[in-house]
Structures are given as C-alpha cells and as structure tokens.
Amino acid sequence: MGKGDKSGVGRALVKHHNQMVKDSKEKGKHYRSQHKKVLESVTEVSDIDAVIEQVDEAHRLFSDTNPLANLINLDSASGTSQMTPEERREQQKNEEALHASSLRVPRRPPWNAKMSVEELDANEREAFLSWRRSLARLEENEKLVLTPFEKNLDIWRQLWRVVERSDLLVMVVDARNPLFYRCPDLEVYAKEIDEHRRTLLLVNKADLLPFSIREKWSDYFRKHGILFLFWSAKAASAALEGKTLGYSNGMQSNPHESVDTDTKIYGRDDLLARLQSEAEEIVSMKNGSRSDIGASNSVVVGFVGYPNVGKSSTINALVGEKRTGVTSTPGKTKHFQTLIISDKLTLCDCPGLVFPSFTSSRYEMIASGVLPIDRMTEHREAVQVVADRVPRSVIEKVYKITLPKPKPYEPQSRPPWAAEVLRSYCASRGYVAASGLPDETRAARQILKDYIDGKLPHFEMPPDVSNDEHHIEDAVGPSSSEVLDSDSSDGEVLPYDEHEGAPSLEHVLDDLNSFDMDNGLASHKAPVQKKSASAPHKQHKKPQRKKDRSWRVRDGEADGMPVVRVFQKPVNTGP
C-alpha cells in the first residue's frame, strides 16, 4: 500500500471519527437553539453567570433603547460599619418590614389559548427578568440579607401550572420550624388567581414534636387564621407496611393519641377525607351552591413547598404505593405530576422550590436540608447552626462525647463552637483525613444528616413563646451525668474529692467486699496481693546486667583474652 493511498482502514476510521464529531456539534447547536435541556434547580450562580444571563435575556427581549444600566448601583453606603450587632439587627428588621412587599414570588403574565408558543414564552421570560431585577435591587441594599432562591424559570413554570389547576393548595412544611418553610406570598398569589382558593399548611414530621409543643403551635395557627393539619408521612408509610415506629427519642409514644382535631396527627384515610372535603367546599363556594359539586368530576389538590420537606413521601403515603422518587437530596422531583386517588380526588405534586426570604442564612438552609449537604463548602458555619439550636447536653448524650467546657473568661452558658463539636466527634469516631488532621468535612456531613433526620432532637417555638430547652433535654433519656459516668472510668482509681464529698473507688470496693463477707458471698480463695503502686517513671526502668568475666584470668589459666571491666550505671531514681 503506497504512502499516498487514502483508501486504507486507518483513513476510513479517521473519517468516521471526524464525521461523528461534526454531527455531535451540529446536534448540540440544534438543542441549544431549541432550548432543550434537563430541568435542574439553580439556586447559586456566580456574578459573571448572572451578568451573562441578564445580557442574553436583554439582548433577546429588548431593543437598544432599553439598556440595563440601572441593574448595578455602585453608590453603596458604608454607614453600618460603626454600628453594634444589636443596632444592625434592629435596622435590618426595620428594613425587612419596609421591603416586605417587594419580596414576592414571580407571577405568570396574563395569557389565553389564542397566544402562540413563542409569544407566551417571550412574555413569561420578560416577566421573570423583571422579577429578577427587583430582587437584584434588594440584594444591592447592604442592610438586607437575601437568601439563595430558585433562579430557573422552568421550575417556576411548574409552580404556575400547579397553582392554576388546583382547587386546594397544600403547602408542606417541617414541623420543627414551620415558619421557615412557609411562604405567605404564595398564599396571596393563589388568592389572586382565584378568590375562593385556599391554602392549607400541612405540618409534616409532627411525630418529632412533643404534645405540649404541638399545642403551642396549634394556638399560634388559630390565632393568625392559618388553616393547618399535623401529619407524619413516615408514620403513615410505616402503617401501610404493617410496621410501627419506635420513638427512641421519647418525643411521643403514640402519634394519634390526641382527641382534639387541631393537635392530633392525621392518618392516611383521615387526611384524604379532610383534603377532599376542603376542596369540595372551595368548589361549592366557586359554583355558588353545593348541588353543583356533582357536576365536577374531580377536585384537584396541589402540593407545593421547599425541597426535602417530605412532599414526595406524603404523595407516596396517600397514594398507597411508591409513585415519586424519595431521597434525602433536595430537588429529586423535576416535573409536576398528576395522581388520581379516586373519581373525586386528584393530587398534583410540584417540584421543590426555594423561595426568596430575608429571615434565614445560607448556612441555615444547608442545616435545614433545603440546599444539598454534599455540595457545601463552609461546613463549620453549617454545624454552628446545629450547635446553636441543640443544647450542649443533648449533643453529649446522643453522641456520647464530652465537649470542652467554656473558658473561665467566657460566658458559661454559651453554645459550643463548631470546631469543638467536630473535633470531639472525630476523636470519638476515629475520623482522620489524609493529612493526619481530623476529618471535619465527613463529621459535618454526618452531624447535619442526623440533624435533618431527627436523631438530634430540636424544634422552634412560636414567635410569641420563649424557647425552652428543657423539652429537648427531657426527650433524649438519661441525664448527661449518667452517660458520662458510664463512659468515664476504665478501671482507673479515682481519688477522693474532699470538696465534692464523693468516695473514691477503693472505698466502694472495700464496702462491697465487706458486704460479701458478711453475707457469705465471698470467695474462699486467698486474696490476691495487690502490687504497691509506684511512680510512673519507676515502672519502665530496666536495670543493666553486670558482666562478670573474671573467670578468664583465674588461677593463672589465662586464655589470652583481655580482662573486661564493666561498671554498672547507677539507676535513675528521679528527683
């Protein structure tokens, strides 16, 4: 085969490879032009990504007469640097109350069936960009702290469709901090679409709350006119499988023990009946009379809320089988789905949405499971949220560790630092990184997962009630002193403490031996003589052996070898 021959097998393979690369590039250009991509939640974007996105949207939607010069304000004042933390927090509260009306969820622009797909898409993108601009202006205000929120338009489109087709909107929240997961503006948006539409607060994981705490939250919800129900998706799923949950943390022995409809935890059948009756009442109000309910084939109940609050688990428990994916990683549900329960009831599940808010930090969102734990980079800040909420004694009881006590010059009631918790946890579990230092990242992930799953008991009180830690401490079993005493001694003799008046271990053993002898329980074997304790520096000495070679020169029978004279060094007896 000549050098210039281009009909060989190698040349054919090269041509085939080049053609595949060309086809893949053309296919990629086609998909990018069609905007076809996997639906993915976006809560964190860099500054350059946000600028590029805004420039692309502006170039596509607006002409040159609508510049984006007002997006960036470089005239930011720095007058808060000289303020104390209390004054800064008070100013932040006033600023939040002033701009509360600007913190809204995006609204879908008006539309009708005669509009084309391109026109509808352009209107939705323009409305979404205007909403992003309003939040960008709030982020420029240094007196406000705006938390991460959903920045993908396609996720909000799923919410728009669920809200429009639902008769009753159910907002699923975590019972340990319901107000953190509640979005009041979403309730306002549902009323804007239909004045008869109502929003029900489904307080999930209510089995992790003591009964007294449920009563306080029930009074708070009734006082503020909030429609609510207590519910546990985990307990309902276990009941379907014929299992019973063991409440090892002592929060509650029977989740359905309450007779009051406001404080009891609803079961699957009771919740389905309540949701259907509420939705039918809304439809009857919309139609004007209860006789028109029969004209409607089915009522639709929509489920919305933050990621990782248990929406998918609730849907699976209500349907009776696994219909949606469940995982501890937030953002599992990608598209809304409609599930038919009966001829009269249909459920509609929406993907989890991170709503914009003022009142929480990014680290609090990580600790609450809203943002993925495996993607966090500031693990100490997130663990500090856990250390601030869970009492010191509870952490020591659950993990059976001893945290360092505060220094004498520090407040004795301060919560433990995140570094103290992580290092103590790593030391007890043997977590060591490749560098030889404690593997704090691994420990932080485990602690945060235990915090989310409920192994570390915690809950927030209503705003008008003081936070009491005694409920949490009473819910985890024995006192910290009992746990620490069981793990503190390895047979070491404890000295007698004159100040505390506690007897040493030798006195206790002597009392036990005398008791056995008096009652005939003592062994007849000779007692073993205990070696007298000596100083630690005397226990490891090894005296040198004296070398005696004088036999080599005795009686004139020398063997020709020199006499070896060895001198023994005196034993180091210490100071």
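By the ring pair (Phe, Tyr, Trp, His ring centres under 6.0 Å) test, Y363 is found to be paired with no residue, residues two or more places apart in sequence or in another chain being considered. For S342, the side chain to side chain contact (heavy atoms under 4.5 Å, CB included) test picks out K344, L345, with sequence neighbours left out. When the side-chain hydrogen bond (donor to acceptor under 3.5 Å, both in side chains) test is applied to R108, the partners found at least two apart in sequence or on another chain are E124, E164. Take K223 and apply the salt bridge (charged side-chain N to carboxylate O under 4.0 Å, His left out) test, not counting sequence neighbours, and it matches D464. The salt bridge (charged side-chain N to carboxylate O under 4.0 Å, His left out) check on E195 picks up nothing, with sequence neighbours excluded. E378 pairs by the side-chain hydrogen bond (donor to acceptor under 3.5 Å, both in side chains) definition with R362, not counting sequence neighbours. Not a single side-chain hydrogen bond (donor to acceptor under 3.5 Å, both in side chains) links E119 to another residue, sequence neighbours left out. For R182, the salt bridge (charged side-chain N to carboxylate O under 4.0 Å, His left out) criterion is met by E187, not counting sequence neighbours. By the side-chain hydrogen bond (donor to acceptor under 3.5 Å, both in side chains) test, W231 pairs with T314, sequence neighbours left out. Legend: residues meeting salt bridge (charged side-chain N to carboxylate O under 4.0 Å, His left out) with R222, ordered by chain and number and at least two apart, are D219, D262. With sequence neighbours excluded, the residues that form a ring pair (Phe, Tyr, Trp, His ring centres under 6.0 Å) with Y451 are H458. Looking at residues two or more places apart in sequence or on another chain, you find a ring pair (Phe, Tyr, Trp, His ring centres under 6.0 Å) between H224 and Y220.
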Inset, instruction - Applying side chain to side chain contact (heavy atoms under 4.5 Å, CB included), run through F221 and L201 and close with a yes or a no. - result: CA-CA 9 Å; F221 291 146; L201 207 65; 3.9 Å; yes
Legend entry - R389/E364 under salt bridge (Lys or Arg N to Asp or Glu O under 4.0 Å): CA gap, chis, key distance, verdict: CA-CA 11 Å; R389 291 185 176 179; E364 186 176 356; 2.4 Å; yes
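Under 4.0 Å is where a charged nitrogen must lie from a carboxylate oxygen, and between R445 and D450 no such pair does. Taking the charged nitrogens against the carboxylate oxygens, R176 and D174 do have a contact shorter than 4.0 Å, which makes a salt bridge. R198 and D167 are not joined by a salt bridge, as no carboxylate oxygen comes within less than 4.0 angstrom of a charged side-chain nitrogen.
Closest of all the heavy-atom pairs between D349 and S312 is OD2-OG, 4.1 Å. Considering every non-hydrogen atom in both A279 and V301, the closest pair reads CB-CG2, 4.1 Å.
A perpendicular orientation is assigned to the rings of F230 and F228, their planes being inclined by more than 60° (bins at 30° and 60°).
In summary, the aromatic rings of F149 and W131 are positioned with their centroids under 6.0 Å apart. Taking the ring centroids of Y306 and F355, they lie under the 6.0 Å cut-off.
Side-chain contact between R157 and D154: present, with at least one pair of heavy atoms (C-beta onward) separated by less than 4.5 Å.
A side-chain contact (heavy atoms from CB on, under 4.5 Å) with F303 is found for exactly one of V162, L168, I315, namely I315.
Side chain of D270 to main chain of Y266: no donor-acceptor pair is present (N/O by atom type, distance under 3.5 Å, no hydrogens or angles). Using modelled atom types, one side-chain atom of T147 and one backbone atom of S357 make a donor-acceptor pair closer than 3.5 Å.
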